[in-house]
Structures are given as C-alpha cells and as structure tokens.
Amino acid sequence: MKKNCIVGLIGRPNVGKSTLLNQILEYDLSIVSNYAQTTRDDIRGIYNDNDCQIIFIDTPGIHKGENLLSEKLNQKSYSILKDVDLVLFITPANETIGRGDEWVINKLNENNIKNKIAVISKIDLVNDNEKLNEKASKLKELGFKTVFGIGLNFKQTYKDLINEIKSYAYEGENLYPDDQIGDVSMRFLAKEYIRKAAIENLYQEIPHSIAVEINDFKEQEEWQPYLIDATIYVKKDSQKGILIGKNGSMIKKISTQSRLQMEEIFQHKIYLTINVKVNNDWVDDLNKIKKMGY
C-alpha cells in the first residue's frame, strides 16, 4: 500500500509557492507571474511515485488586507491549516525575514502546527552562502527544526524536498487516481490563463481589480476548436477602457496570449471570445465576491 501526505504551501505573496508546485508536478497547474496576489484559490496538485502520493495545496499569499477580497483570500489560506499533515512555509532567499513572514509564522504557532518545514525559495538568485546560512539560522530560531533551500537551477533540491516530505507520510488508500495531477478543470484553467494575461499586461493600471468568468466552455472533436466564451470584470468604468485599449488593442493582446497558452496546455485549438464588463466595487462587496467564486 502506498503512503499519503497532504501538504499545505503557505507564505506571503510572490514567494514562490506556485512555482514550487509546478516544478514538482512538471506541469503548469497554478498560474505564476512576477506580481503579488496572483493565486486566489486553493489549488490541489497531486504528486505520485511508486511508494507515495503527496497532495500539495497551493494557497493565496497572505498579505495586509486592503479590501474585503484581501481579507477573504487570507482566510482561505489559513483555513487549510486544519486539513493538512505538513505545512511548508515558503520564504525567498533574496528577501530578509520581515514582519509579513513573522505574521504568518505566528499564525502557524497560534494554530499549534507541529509538522512544518521552512523552505527558502529562489536560492539561485543569491550567490552568498553566508546570507543563506544566516536566513536558515533565523528560521530555526523562529521554530523550524528543518530548513530546505530550493531553486529552479537546482533540480535536485526538489527531489530532496520530496524525500523529506515522505518522512511525514502514512499508509492509507490513495485520495486520487495515480494518473491525476490536479483537482482543477480545464474551465478553471481557462479562467486563470485569461486572468494571468490580464495581470501581466495591466498590473500597474489595474492591479487587483480583475476577475474572470467563463460563460461557456464547449469541448469539440479533435478537428474542431474548443469554444470558450469569457467575461473579464473590473470594478469601475475607467478601468474598462484601459482593459479594452485603443481600437481594442489591449483586449486582443490578452486574448491572444491566453489562447496560445491554453492551446499549449490543452493540446487543442481554441476559439476564444472575451467581453469586458464593470462590476462596481466588487472587491468590497461580499455577495459580489462570492458570485465571482472567492
């Protein structure tokens, strides 16, 4: 019988949680960008090998609440603590441990989390081993018995982390089939790839005001494209014009970028249409936030 372990990934925004998940799975399950607060959902990625199934739960980055949506995303991250066997606290090598990190660590202590590992991400961005050792020592002072370093240029670090996680696994029936790598649908991924393209092209103008809804997702035969109809929502009228762009240039760019990524991941041609609508101040309205799926 294979062993199982449910692992929660937690930390501030943009520290490398989603990158860690995608590297372990060797699949772009969770969208990654250079901008904070990209992840908004608890996304389960499933790692399988001959003797273990590990379910990773990627979570929104914990940050200072600037609106009701921020508060709800933070609550979503904390809520997974009661459901996991192990927590990986992620903090990047190229940043010092600050108040944001300490806030998250205090939450782990408040929830009496015993099984936890500190993971220093992005170690390939730091060439100073002394700085890395100092950060590892600080994390141990803050209560972590085990500290790991990972980096995109050091593939073995991910294998070493998997082996360490296995020491927390226990015998039991698999929660998912061996060939399943995630619990999200193509419809969900389509929504996320559109949102990622919008974020990457408009982060400075519309940082966290974008939400995407998939109105229709029609799968078709191999020789016919999938038909996807989506709506991008913004929170005020002035943002609608920015998102559409002059003569529709920006929405066309977002549509093309997201369509190409979907075609690569889905291995199927896509016919994508995107509309833009205003949903006034949805980030501070509980009913609207729920309707958007958050």
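Values in this document were obtained by computation on a predicted structure and should not be read as measured data. Just so it is clear, the values below take in all heavy atoms, side chains as well, and ignore hydrogens, waters and symmetry mates.
When only modelled atom types and interatomic distance are considered, T273 and D229 share a side-chain donor-acceptor pair under 3.5 Å. S209 and K236 form no side-chain donor-acceptor contact under 3.5 Å, judged by distance and modelled atom types alone. Using modelled atom types, one finds a donor on one side chain and an acceptor on the other under 3.5 Å when comparing D178 with N174. For the residue pair K269 / Q224, no side-chain donor-acceptor distance below 3.5 Å is found, with atom types taken as modelled. When only modelled atom types and interatomic distance are considered, Q156 and D160 share a side-chain donor-acceptor pair under 3.5 Å.
With sequence neighbours left out, the side chain to side chain contact (heavy atoms under 4.5 Å, CB included) criterion links K140 to V147.
The number of heavy-atom neighbours closer than 6.0 Å to CG of N247, taken from other residues, nucleotides and ligands shown, is 12 or below. Within a 6.0 Å radius of CD in E110, other residues, nucleotides and ligands contribute more than 12 heavy atoms. For N127, the CG atom counts as loosely surrounded, since its 6.0 Å shell holds 12 or fewer non-hydrogen atoms of other residues, nucleotides or ligands. More than 12 heavy-atom neighbours from other residues, nucleotides or ligands sit within 6.0 angstrom of NZ on K76.
When side chains are defined from C-beta on, K82 does not count as touching N111, because their heavy atoms never get closer than 4.5 Å.
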(request) Apply side chain to side chain donor-acceptor pair (under 3.5 Å) to the pair N112 and K114, showing each step before the final yes or no. (result) CA-CA 6 Å; N112 200 32; K114 301 297 183 186; 3.1 Å; yes
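Classification of K131 and E134 as a salt-bridged pair fails, no side-chain N sitting under 4.0 Å from a carboxylate O. A salt bridge between D51 and K166 is present, with a side-chain N of the basic residue lying under 4.0 Å from a carboxylate O of the acidic one. A salt bridge is absent between K2 and E171: the closest approach of a Lys/Arg side-chain nitrogen to an acidic carboxylate oxygen does not fall below 4.0 angstrom. Between R259 and E263 a salt bridge is recorded (basic side-chain N to carboxylate O distance below 4.0 Å). With salt bridges taken as basic N to acidic carboxylate O contacts below 4.0 Å, one links R12 and D101.
For K218 and Y226, the positive end is not near the middle of the six-membered ring at less than 6.0 Å and at most 45° from its axis. Cation-pi geometry between K116 and F89 is not met: the NZ or CZ atom fails to fall both under 6.0 Å from the ring centre and inside 45° of the normal.
Residues V84 and Y176 share a single hydrophobic cluster, defined by chaining ILVMFWY side chains whose heavy atoms lie under 4.5 Å apart. When hydrophobic clusters are built by joining Ile, Leu, Val, Met, Phe, Trp and Tyr residues whose side-chain heavy atoms come closer than 4.5 Å, directly or via intermediates, I228 is grouped together with Y193.
Rounding to the nearest 0.5 Å gives a distance of 10.0 Å between CG of L152 and CD1 of I123.
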